Trainee: 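Starting off with a structure, shown below.
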There are 2 protein chains.
Amino acid sequence: MNLKRLAEELGLSQTTVSRALNGYPEVSEATRKRVEEAARRYNYRPNSRAKGLATGRAMVIGQVIPTSVQHEMVNPIFGDFVAGASQTFSRYGYDMMFSRVPDVDESDIYREYRARGAVDAVILQGPLVNDQRIPLLNRIGLPFIVHGRSTGITEPYAFVDVNNTRAFQHATEFLVHLGHRRIALINGLEGMDFAQRRRAGYEAALKAAGIPVDPALMRSDEMTEYFGYRETRALLAQEDPPTAIMAASMIAALGVRRAIEETGLTMGRDVSVITHDDDLSYLKNGQDVPIFTAIRSSVRKAGEILAQCLVDQINAPDAPPEQRMLEADLLVGRSTGPAPQRT
Amino acid sequence: MNLKRLAEELGLSQTTVSRALNGYPEVSEATRKRVEEAARRYNYRPNSRAKGLATGRAMVIGQVIPTSVQHEMVNPIFGDFVAGASQTFSRYGYDMMFSRVPDVDESDIYREYRARGAVDAVILQGPLVNDQRIPLLNRIGLPFIVHGRSTGITEPYAFVDVNNTRAFQHATEFLVHLGHRRIALINGLEGMDFAQRRRAGYEAALKAAGIPVDPALMRSDEMTEYFGYRETRALLAQEDPPTAIMAASMIAALGVRRAIEETGLTMGRDVSVITHDDDLSYLKNGQDVPIFTAIRSSVRKAGEILAQCLVDQINAPDAPPEQRMLEADLLVGRSTGPAPQRT
DNA sequence: TTGAAAGCGCTACCAA
DNA sequence: TTGGTAGCGCTTTCAA
């Protein structure tokens, strides 16, 4: 069923039917009723492409997934983010679209999105330090919002980010407070903006406590299970091994745990760990929530908020870009104990 | 830049330019060269909506995400599946679209997809036993493929599934072989097709070994961390507790581990566990691969295969539906040991 | 080998 | 309050 046939059935013009269905005020109540009833009866839905062609709006939000395996998409919490975002988007009639492209072509796809008119806006995931996609998107005039931020980019852009610096500063302070002085940091790739911020928080807390920052305790790579495993083994085999480890990813944390256990040590006694591992409880409002559940629900929330910001931006393109900071909760539990006495 | 302007610039008709760009044979080589060069220069991309309107194809694959929190989307390996699928899709020029809908409206969205012409085909996730979405999709003529199968549906449909029955049968046999006779099964919701198949494999192995199937050892619910935790505590507190536990989900397994540790037992010694937990090694071709990595890569592969089947189906709509079975590897590792002696 | 023109299904302007 | 009609940007006959 299309508009033309529906109009014929009703003995009305396409114009009137379209207006009735789109809530225009100049349609008589009687006509509108009749039209709506018929539309329901014939299960009529306007064709998206025709509508989009006529209005210039796609009602689709794009998201680009670089091909390289270890990126966002394969992060297990990515699904939660998408679930949150798409919930908000669907309330406003937007669908989400994913395009997978080879890393090298990533900037091409944005031009293509723009030229093809395939999407109304895009979400930028996993921003790098000084991420050139931001100026690019501004230049080609494709509305976007960044999930995270990008140090070094001075032009304005909208983002929703978690206060990574503060979270890692607090976590480090907490470990220092427990008596730890050899605290390792298993971090993401240095090029990732969040990784730099996390390191900054970690270093700030150490400096404030008068503890020297030791490069031998800091590791940085793509956050895989193996990375966490390999570096934890190496850290624990060192001359003066860490008494605490902060792992910046749930995936890497799996490897951290395994390495500790294989070394014959006990988490929370011989080595403290602050991470997203399940072994941790989640202290939030004094409640003990399974950690994985908690993280996933907050990521989901972030998705909802980000989507709302993007919708607002699309509807008010001239407003200054929204920039939202979310606070991360401190992740502490059974695996985090006082520093062991060493002789 | 659009076709009309491009044609004007070239002093050609839209028809010729279109033909040149779409590889029609009747265009002279010289003209094609000239057109392609100009298209590149002006960074011309055909408008998706206009093209779709004219051709009747959307070049988009839909996926519906029910609103209920615990569904597929929030399964941490969902992202891997999507990554695999979208890689294949993008090779054929398809994008993936996600629509989030309240559970009650789930069948509406398919009619809407069809009516709106928003997608060319859909992927059906998490099929139930006797899933009525399958006859619905057949009825409305929207091409689809099921990730999994649906017992009780007799009409033909395409699917890609993992042999859950065999995987759980093998796993159970393996535990029996190690001397276990009290083997618990922590399973997904009974309504889910895969849950029934897993249980069938489990029961078949027990029966073959002459071990009675004990309902007190079988738990079924949405696979959350808490579910795994709660039921494992309960199982271990029973009169005659299990010596082995099979957990059918990575998430639930987090809770299983926690419950075992809190009970003061040791995995692999007091209780054997077969699951997707990180503690396990992954025996595959004799190699020791981190379990999480292994699972995720095979899910990714499943996504690629499924996407290929769907593309084939779109291009040859009259061919019989493809039905692919993938074998699951047995997940066994450090947490799986011989049955403890009980007096 | 090229071009003119009729749609695809809808919105939005202008007229009635 | 309603209708006629000109696009939106493309593909695809049909004609030349």
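We name chains A, B, ... by the order of the sequence lines, and we start the count at 1 in each one. Everything quoted here is computed from the prediction, not taken from an experiment.
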Trainee: Should A/Y44 and A/L21 be marked as a side chain to side chain contact (heavy atoms under 4.5 Å, CB included) after you check the CA-CA gap, both sets of side-chain angles, and the distance that decides it?
Mentor: CA-CA 10 Å; A/Y44 167 77; A/L21 259 21; 3.6 Å; yes
Trainee: If you walk 5' to 3' along DNA chain C, what is the first nucleotide with an atom under 4.0 Å of a heavy atom in chain B, and what is the last?
Mentor: C/dT1 to C/dG9
Trainee: Mind calculating the distance between CD (B/E26) and P (D/dA15) to the nearest angstrom?
Mentor: 16 Å
Trainee: For nucleotides 3-6 of chain D, print each protein N/O atom paired with a nucleotide N/O atom at under 3.5 Å, atom names and distance only.
Mentor:
unit_1, atom_1, unit_2, atom_2, d
D/dG3, OP2, A/S13, N, 3.0
D/dG3, OP2, A/S13, OG, 3.3
D/dG3, OP2, A/T16, OG1, 2.7
D/dG3, N7, A/R19, NH2, 2.8
D/dG3, O6, A/R19, NH1, 3.1
D/dG3, O6, A/R19, NH2, 2.9
D/dG4, N7, A/T15, OG1, 3.1
D/dG4, O6, A/T15, OG1, 2.9
D/dT5, O4, A/T15, OG1, 3.4

Trainee: Does any non-hydrogen side-chain atom of A/I123 lie less than 4.5 Å from one of A/F144?
Mentor: no
Trainee: Please determine if B/R149 and B/D193 form a salt bridge, counting it only when a charged side-chain N lies under 4.0 Å from a carboxylate O.
Mentor: no
Trainee: Show the nearest heavy-atom pair for residues B/E26 and B/R19, with the distance to one decimal.
Mentor: OE2-CD, 3.2 Å
Trainee: For B/A50 and for B/P25, find the nucleotide of DNA chain C with the closest heavy atom, then tell me which residue's nucleotide is more 5'.
Mentor: B/P25
Trainee: Given atom CE of B/M59 and atom P of D/dT11, what is their separation to the nearest angstrom?
Mentor: 12 Å
Trainee: Would you kindly give the CG-to-P distance between B/N22 and D/dG9, to the nearest whole Å?
Mentor: 17 Å
Trainee: If you find the nucleotide of DNA chain D closest to B/Y24 and the one closest to B/L53, which residue's nucleotide is nearer the 5' end?
Mentor: B/L53
Trainee: Roughly how many Å is it from NZ in A/K33 to P in D/dT1, rounded to a whole number?
Mentor: 14 Å
Trainee: Expressed as a whole number of angstroms, how long is the span from B/L21:CG to D/dT11:C1'?
Mentor: 13 Å
Trainee: Does the side chain of B/R41 pick up a donor-acceptor pair with the side chain of B/N43 at under 3.5 Å?
Mentor: no
Trainee: Between A/N22 and A/S18, is there a donor-acceptor pair closer than 3.5 Å when you use the side chain of the first and the backbone of the second?
Mentor: yes
Trainee: Figure out the CZ/C1' separation between A/R34 and D/dT2, and round it to whole Å.
Mentor: 12 Å
Trainee: Closer than 4.0 angstrom, basic N to acidic O: yes or no for B/R116 and A/D95?
Mentor: yes
Trainee: Is it true that A/H147 and A/F81 have ring centroids separated by less than 6.0 Å?
Mentor: yes
Trainee: Strictly below 4.0 Å: does B/N2 bring a side-chain N or O up to OP1 or OP2 of D/dG9?
Mentor: yes
Trainee: How far apart are the closest heavy atoms of B/N130 and B/G152, and which atoms are they?
Mentor: OD1-O, 3.8 Å
Trainee: To the nearest angstrom, how far is B/K51 atom NZ from D/dT12 atom C1'?
Mentor: 13 Å
